[in-house]
Structure formats: structure tokens, C-alpha cells
Amino acid sequence: MDISKRLSPQREGCFPQLLASRYAVTSEADFLYNCIAWAAGPENTQTWWDPFAIGHGYYWPANLPRNAEVDTFIKLYALEGGYSPCETAELEPGFEKVAIYADHNGEVTHAARQTEDGGWTSKLGEWEDIAHKTLEALCGDEPAYGRVAKILKRPSKAPA
Amino acid sequence: MKEIEAAQPSAIEEEFNSLAEQWYREMGMVSLMHKKALHPAYQRIIGMGKDALPFIFRELKQRRGHWLWALVAITGKDPAKPDHSFAEAVEAWLRWGEQHGYL
């Protein structure tokens with residue numbers, strides 16, 4: 001991980017635990033896609049997945065509820081990627097994982113996708129993508145993303 | 001002297017700029033629109049009504065960003081189509097803004 005590329009101090013300061021973690025910026029800031037889309041796959045860089053948006057230009061499956069409950073996002077990743085809940089965030093050969101974060105009200109705030117080295121990749125809202133060593137790096141009170149609420153996994157598409 | 005006065009932003013533009021910068025700064029890391037749109041600064045911009053439209057379209061043209069919720073709320077219109085990506089929806093709104101004299 002090339003840790004030479006950092007967020008601005010103002011942005012870094014939103015995630016107190018990030019300061020103590022290894023991380024690196026891996027993209028420019030981009031309004032076109034969010035963490036929910038990015039967690040579902042690296043190809044999703046043109047769509048903002050959002051159950052709440054008013055007006056066109058956002059994506060949400062028609063048959064899913066429009067709320068921020070963790071169960072709704074479990075259904076989202078099952079529908080869009082074949083993911084199902086699992087117990088551990090540890091790297092498991094032959095599987096790809098997604099982590100769902102939620103705030104103290106149980107509302108989803110963020111999603112991250114595991115990378116091949118066992119680290120994680122996150123799109124920070126409309127800010128940059130980052131690679132982060134641990135899920136805890138983005139935990140904490142607002143404006144950080146709360147706690148890890150659920151881990152999902154699916155068989156890898158690539159050979160294990 | 002008149003040229004200097006003409007170059008200065010109006011009070012409403014200054015207010016918009018201040019609210020918009022606060023909103024970008026405090027909501028940039030948020031990925032769900034309900035939290036972005038319910039931020040007090042964004043709500044105050046919607047509350048400015050049509051007076052805010054020239055500045056919203058300026059932002060949309062220069063920085064893109066998630067202004068579509070505010071545009072729908074203020075105008076009651078949506079020139080984008082249901083299958084539009086965010087980029088396509090922004091382009092549709094920019095065309096609408098030009099046609100209606102906001103750009």
C-alpha cells in the first residue's frame with residue numbers, strides 16, 4: 001500500500017481512527033458514484049446507489065424498500081451481487097466480502113469492499129476512494145461511519 | 001467605482017456561497033441523499049426558493065455535486081429521465097437551466 005497519498009487534513013480529521021491506521025488515497029474525488037455502488041464492484045463508477053434520492057439520476061432496485069435499514073442493504077447486495085451474511089471479516093480464500101456500517105440508530109452509513117490482500121476499499125461519499133487496512137479505521141461517531149453492522153460474502157469470481 | 005460595485009456578490013449570493021461551502025464541507029463524506037438534503041444549510045438553500053436557482057445552476061455547471069434534490073424541490077420539475085445516470089441527469093438539468101435563463 002502506497003501510503004504517500006493522504007486525504008486533506010480536514011477530511012482526514014473526520015475519521016479519527018484513520019490517523020492511526022495505514023491507508024492511502026486511490027482515486028480522485030468523484031460525484032458520480034458512492035460507497036454503496038463501489039462496494040458492489042469496481043465497475044460501478046457511474047452510478048450513485050441511494051434509496052432516498054428525489055428526482056432521476058440515482059439507482060435503487062425497484063423491488064427493494066426505500067429505507068436505510070441494515071436488512072435492506074443485505075437484500076441489496078444479495079440481489080446485485082449474490083452476497084450473503086457471514087460471521088467474520090477475516091480474509092477467506094475463495095470469497096469476496098462486503099462490510100456494511102451503521103450509526104447508533106441502526107441506519108446504514110457506509111459500505112466497504114475487501115481487497116485481495118485482506119484490506120478494504122472505500123469510497124468516502126463524494127470524496128476520494130481510499131484503501132484502508134482495517135474496517136475500524138472508518139468507525140466512530142459522526143461524521144465517521146459508526147460501527148460495522150454486518151459482513152457479507154460470496155464466492156470469488158476469480159480463481160482462488 | 002461602479003465596476004467595483006458590480007463585481008461584488010449580492011447579499012443573497014454571499015449567503016448562498018456560505019451555505020454551499022458549509023454543506024460541501026460537512027456532508028461530502030456522506031453517501032445517502034436523505035442526510036445530505038436534510039442538512040440545515042441545504043434546507044436553507046431550498047428555502048431561498050427561485051432566488052437560489054442561478055447559484056445552484058452555477059454550482060452544478062462548475063462543480064457538479066448533488067443539487068438535483070434542491071432543483072426538484074424548488075422548481076417542481078425533473079427534466080431527467082428515470083433511466084438516466086447521475087451524469088446524464090446533470091446534463092439534462094443544465095440544458096433546462098439554459099433554456100430557462102439561469103445559465
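Here is how names work: the chains are called A, B, and so on, in the same order as the sequence lines, proteins then strands, and each is numbered from 1.
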Step by step, work out the side chain to side chain contact (heavy atoms under 4.5 Å, CB included) result for B:Met29 and A:Leu7. CA-CA 12 Å; B:Met29 79 297 286; A:Leu7 295 167; over 6 Å; no
Looking only at B:Gly65, B:Ala87, B:Ala89, B:Ala73, most heavy-atom pairs under 4.5 Å shared with chain A are made by B:Gly65
In terms of hydrophobic clusters joined by side-chain contacts under 4.5 Å, are A:Trp49 and A:Leu124 together? no
If we define contacts as heavy-atom pairs under 4.5 Å, which of B:Arg64, B:Met33, B:His66 has the most with chain A? B:His66
Co-membership, hydrophobic cluster, residues A:Phe95 and A:Leu91, 4.5 Å side-chain: no
Under 4.5 Å from any heavy atom of chain B - which part of A:Trp48: side chain
Heavy-atom closest contact (B:Leu32 atom, A:Pro51 atom, distance): CD2-CD, 3.8 Å
For salt bridge (charged side-chain N to carboxylate O under 4.0 Å, His left out), just list the numbers for B:Lys35 and A:Glu142, CA-CA rounded to whole Å, side-chain angles, deciding distance to a tenth of an Å, and then say yes or no. CA-CA 12 Å; B:Lys35 281 196 172 179; A:Glu142 286 189 21; 3.4 Å; yes
Among the clusters formed by ILVMFWY side chains lying less than 4.5 Å apart, do B:Ile74 and B:Ile12 turn up in the same one? yes
Assigning hydrophobic clusters by single linkage (Ile, Leu, Val, Met, Phe, Trp, Tyr; side-chain heavy-atom cutoff under 4.5 Å), is A:Leu79 placed with A:Val70? yes
Which region of B:Lys77, side chain (C-beta onward) or backbone (N, CA, C, O), has a non-hydrogen atom less than 4.5 Å from a non-hydrogen atom of chain A, or is it both or neither? neither
Flag if over 12 foreign heavy atoms under 6.0 Å of NZ, A:Lys153: yes
Answer yes or no: are there more than 12 heavy-atom neighbours, outside A:Glu90 itself, under 6.0 Å from its atom CD? no
Identify each donor-acceptor pair in which a side-chain atom of residues 43-54 of chain B lies under 3.5 Å from a protein atom, sequence neighbours left out, and give them as a table.
{"residue": "B:Gln43", "atom": "NE2", "partner": "B:Ala37", "partner atom": "O", "Å": "2.7"}
{"residue": "B:Arg44", "atom": "NH2", "partner": "B:Glu15", "partner atom": "OE2", "Å": "3.0"}

For the CG atom of A:Leu32 and the CZ atom of B:Phe86, what is their distance to the nearest 0.5 Å? 7.0 Å
Look at the side-chain heavy atoms of Ile, Leu, Val, Met, Phe, Trp and Tyr, link any pair under 4.5 Å apart, and say whether A:Trp38 and A:Val108 land in one connected group. no
Look only at the side chain of A:His110 and the backbone of B:Ser31, and say whether a donor-acceptor pair between them is shorter than 3.5 Å. no
Salt bridge between B:Lys36 and A:Asp50, side-chain N to carboxylate O under 4.0 Å? no
Counting only non-hydrogen atoms closer than 4.5 Å, does A:Gln10 touch chain B with its backbone (N, CA, C, O), its side chain (CB onward), both, or neither? side chain
Is it true that, when you exclude A:Asp141 itself, more than 12 heavy atoms of the residues, nucleotides or ligands shown sit nearer than 6.0 Å to its CG? no
Contacts with chain A made by residues 18-25 of chain B (heavy-atom distance under 4.5 Å), listed by residue number: B:Tyr24, B:Arg25
Of the listed residues (B:Ala80, B:Ser85, B:Pro82), which shares the most heavy-atom pairs with chain A below a 4.5 Å separation? B:Pro82
Answer with side chain, backbone, both or neither: which region of A:Asp103 has an atom nearer than 4.5 Å to a non-hydrogen atom of chain B? side chain
Contact part of B:Val30 toward chain A, heavy-atom cut-off under 4.5 Å: side chain, backbone, both or neither? backbone
Counting only heavy atoms closer than 4.5 Å, note whether A:Glu107 contacts chain B via side chain, backbone, both or neither. side chain
What part of A:Cys35 gets closer than 4.5 Å to chain B, counting heavy atoms only: side chain, backbone, both or neither? both
Interface residue of largest heavy-atom contact number with chain B, from A:Phe15, A:Tyr145, A:Tyr33, under 4.5 Å: A:Tyr145
